[in-house]
Amino acid sequence: MLSLSQVWKTYRREARPAVAGVDLQIQAGEFFALLGPSGCGKTTTLRLIAGLETPDRGEIRLGGQSLVGVPPFQRPVHTVFQNYALFPHLTVARNISFGLEVRGVSRGEIRSRVGEMLALVRLDGLAHRYPRELSGGQQQRVALARALIQKPQVLLLDEPLGALDLQLRKQMQSELKQMQQQLGLTFLYVTHDQEEALTLSNRLAVMQGGRVLQVGTPQQVYEQPTCYFVADFIGESNFLTGQVVEPGCPWLQVRLRNDQPVRVHHPGGNLSLGAAVTLMIRPEQVQLQPATPTEPAARIVAMDYLGLDTRYRVQLPGGIELQVRQAGGGLHIGERVQVSWPPTALRVIGLDPPLPVDQEHRQPPPQVAPRRETL
Amino acid sequence: MLGFIYLPIVILVVYSFNNSRFTGVWQGFTWNWYRLLLTGSGGTFPETVGFGRYGLLAALGNSLVVAAVTTVVATGLGTALALGLERVRWPGRVAVEALVLLPLVIPEIAQGVSLLVFFTGVFRLWQQWGGGQLTLGLPTVTIGHITFAISFVTLVVRARLAALDPRWEEAAMDLGANPWQTLWRITLPWLTPAVVSGALLVFTLSLDDFVVTFFTAGIGATTLPVFVYGMIKFSVTPAINAISTLMLLASTLLVVLAWGIQGERGNGGRKEWQT
């Protein structure tokens with residue numbers, strides 16, 4: 001329903017594009033999250049869709065119609081701003097009715113719709129308060145109601161829960177998701193909080209340096225990250241480098257830097273003999289068992305008790321270190337352990353695509369090198 | 001230091017109650033000078049103050065008319081200029097920005113002389129092109145006042161505009177308000193305190209102005225300060241002190257009012273605007 005194709009935006013006096021060739025397809029009724037670190041271009045993407053910024057190039061279409069050149073006040077999309085941007089001189093009710101007032105909706109209809117909205121966000125009784133008299137959570141609800149009352153085709157949310165404390169954020173998360181499902185709305189949700197993106201969204205896009213690195217369901221993005229940045233940014237990861245010693249599809253054999261051979265599931269398989277590869281495995285997929293005294297074994301060098309599970313740092317023979325998360329105790333520092341994992345847990349990770357360069361005279365930034373390389 | 005600043009004013013006020021024809025010698029307390037000024041009669045020496053067509057009340061009336069027109073026009077133009085400078089990017093903006101503030105430091109005498117030269121020049125041209133005879137008068141005084149008053153309004157309004165959170169305007173646009181609706185519903189309500197205090201400031205300045213008025217007034221367009229100056233030429237009586245005291249009082253009240261509005265509704269002042 002909402003589609004962006006090859007959208008570019010470079011701010012004045014900035015060398016690097018804030019948004020560099022973004023392609024996105026968002027379906028009606030989806031809870032779509034844009035996830036990335038600060039400065040990755042996610043908020044700019046949102047502002048481009050809202051019409052608060054103009055793209056240098058590219059096409060933004062909503063329901064088959066181009067939005068490029070349409071001023072923000074004529075777009076059927078509305079925004080819940082970071083820190084809300086409530087109008088301080090208007091009451092809660094007038095904040096919520098603002099959009100209807102400027103469109104010349106009749107007083108009677110405004111009154112009934114504002115009433116509905118206040119009930120929906122559970123703010124009845126606060127209609128005549130001013131924003132400064134509300135708590136952060138209540139202000140957040142006013143911002144939501146103010147945008148929702150106009151029945152936007154897409155609701156844009158820019159880190160809407162960023163200013164709330166953890167407990168309130170959890171509560172608002174579930175309310176938002178419930179509301180989105182009940183009303184059948186389309187949400188485009190910008191956040192830098194990976195957990196928020198994973199729990200809330202139907203699909204998400206991971207952004208970095210102005211481009212989209214991967215789009216998929218939370219499960220796909222977590223379990224099958226396509227590149228180093230995604231694997232590193234979402235969840236915890238171990239990265240191992242090695243060389244292909246036996247190509248094949250879907251199984252290939254890789255020799256790690258410590259000469260240990262491992263079997264890797266790589267259905268995309270077009271890696272040739274001798275190719276250097278980066279492998280990734282999530283700490284919770286690695287299993288530890290006490291080793292018998294005779295077999296070659298790994299050693300636990302550090303551990304942190306986290307309540308739900310324990311994080312171990314394990315040193316394999318040959319000097320490779322692995323992060324392991326495992327429930328249940330019974331292991332201690334210095335203990336010799338056997339390390340194993342399910343056969344499909346090791347994944348081949350591609351290098352990050354090079355950062356796009358918009359103009360010739362600008363230097364592409366250096367490639368990000370794997371940081372947790374321990375060999 | 002404060003005594004140094006306020007001593008002459010204290011003396012001025014004290015001697016406005018002097019029961020004497022002359023300012024210099026204290027002869028006892030009286031309200032007579034005020035009664036004379038306010039009612040036109042009853043004072044001890046009514047002949048020292050002129051009333052009627054060329055007198056005190058006419059001058060006061062002229063001052064109020066000039067100040068009122070100046071305030072309305074300068075506040076409107078000054079606010080528009082502030083919005084133009086702060087919100088719209090156009091070539092020459094930086095130059096205009098500097099030029100707007102310049103009148104605040106240009107010596108008033110230079111402003112007065114330049115306006116006089118300008119008006120006489122324009123009038124001559126107007127006559128040459130077949131227009132009628134034009135003379136200096138209240139309209140020229142008003143135009144003169146407006147020229148310096150705009151700068152003050154722009155200065156005050158811009159300061160407040162700079163403190164406006166741009167996200168409010170963005171949010172208004174995002175919710176469907178076109179630029180005009182955003183201006184009327186968000187920007188101007190935010191600017192109101194600055195506009196009001198700018199207007200009060202300009203009203204005071206116009207009411208008190210002597211130099212520019214003196215050069216642009218011509219005959220018969222006497223404002224209160226010019227009238228007082230004229231009185232001194234005839235005789236220095238406590239009536240002048242009384243008039244000055246009343247003007248001082250009016251100006252102070254207006255400035256305090258302007259401050260009050262700025263302070264009460266100013267940045268982070270009035271609770272309505274706190275978030």
Side-chain angles (χ1 to χ4, degrees), chain A residues 12 43 46-47 49-53 70-91 94-105 129-136 138-139 142-152 154-158 163, chain B residues 79 82-83 85-94 157 159-198 260-275:
Chain A
R12 262 173 197 265
T43 294
L46 206 70
R47 290 173 62 84
I49 297 168
L52 299 171
E53 304 289 348
V70 178
F73 51 89
Q74 285 169 0
R75 298 190 182 200
V77 298
H78 301 298
T79 309
V80 175
F81 286 84
Q82 196 173 9
N83 302 319
Y84 326 130
L86 298 179
F87 306 128
H89 63 304
L90 300 179
T91 60
R94 294 282 316 278
N95 260 284
I96 295 176
S97 64
F98 184 89
L100 300 182
E101 284 177 36
V102 296
R103 286 178 209 280
V105 175
R129 297 268 189 96
Y130 284 92
R132 71 192 139 88
E133 299 167 328
L134 302 180
S135 69
Q138 289 167 335
Q139 290 184 16
V142 176
L144 192 63
R146 184 175 74 170
L148 279 180
I149 198 168
Q150 309 223 58
K151 301 176 179 156
V154 179
L155 184 69
L156 309 173
L157 302 107
D158 186 5
Chain B
T79 305
L83 283 167
L85 285 173
E86 196 72 28
R87 282 290 178 272
V88 192
R89 292 185 177 278
W90 39 284
R93 191 172 65 108
V94 178
V157 172
R160 180 136 177 112
L161 198 53
L164 171 72
D165 190 335
R167 292 174 311 140
W168 293 332
E169 290 172 326
E170 283 184 352
M173 301 262 250
D174 182 76
L175 291 167
N178 62 35
W180 270 114
Q181 289 169 320
T182 306
L183 181 68
W184 279 104
R185 287 168 179 269
I186 305 298
T187 316
L188 286 181
W190 165 256
L191 291 182
T192 304
V195 171
V196 172
S197 67
I261 287 168
Q262 275 282 43
E264 197 185 326
R265 302 194 53 166
N267 302 338
R270 179 81 165 220
K271 291 174 215 138
E272 262 175 39
W273 282 97
Q274 281 180 346
T275 44

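All values derive from a computational prediction rather than experimental measurement. Each chain gets a letter, A, B and so on, in the order the sequences are listed, and its residues count up from 1.
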Provide the closest heavy-atom pair for [X] versus [Y] in the form atom of the first, atom of the second, distance.
| X | Y | answer |
| --- | --- | --- |
| Phe73(A) | Pro179(B) | CE2-CD, 3.3 Å |
| Pro189(B) | His89(A) | CB-CD2, 3.7 Å |
| Phe98(A) | Ala177(B) | CE2-CB, 3.7 Å |
| Trp168(B) | Phe87(A) | O-CE2, 3.2 Å |
| Ala171(B) | Ala85(A) | CB-O, 3.9 Å |

Interface residue of largest heavy-atom contact number with chain B, from Leu52(A), Leu100(A), Leu134(A), under 4.5 Å: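 Top option by heavy-atom pairs under 4.5 Å: Leu52(A).
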
Gln181(B) portion near chain A, given a 4.5 angstrom heavy-atom threshold: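 Only the side chain of Gln181(B) comes within 4.5 Å of chain A.
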
Which atoms of Glu101(A) approach chain B - backbone, side chain, both or neither, heavy atom under 4.5 Å: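 Its backbone and side chain both get close to chain B.
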
Atom group of Gln150(A) that falls short of 4.5 Å from chain B, counting heavy atoms: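 For Gln150(A), side-chain heavy atoms alone lie under 4.5 Å from chain B.
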
Sidechain-backbone polar pair: Arg146(A) side chain, Leu175(B) backbone, donor-acceptor under 3.5 Å: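 No, Arg146(A) side chain to Leu175(B) backbone: no donor-acceptor pair under 3.5 Å.
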
Short side-chain to backbone donor-acceptor contact, His78(A) and Asp174(B), under 3.5 Å: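 Pair found, side chain donor or acceptor close to backbone of Asp174(B).
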
Value rounded to 0.5 Å, distance of CG in Leu90(A) from CD1 in Ile186(B):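 These two atoms lie 5.5 Å from each other.
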
Those residues that, when tested against Tyr84(A), pass ring-ring contact (aromatic ring centres under 6.0 Å, His included) (two or more places apart):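 By the ring-ring contact (aromatic ring centres under 6.0 Å, His included) rule, Tyr84(A) matches no residue at all.
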
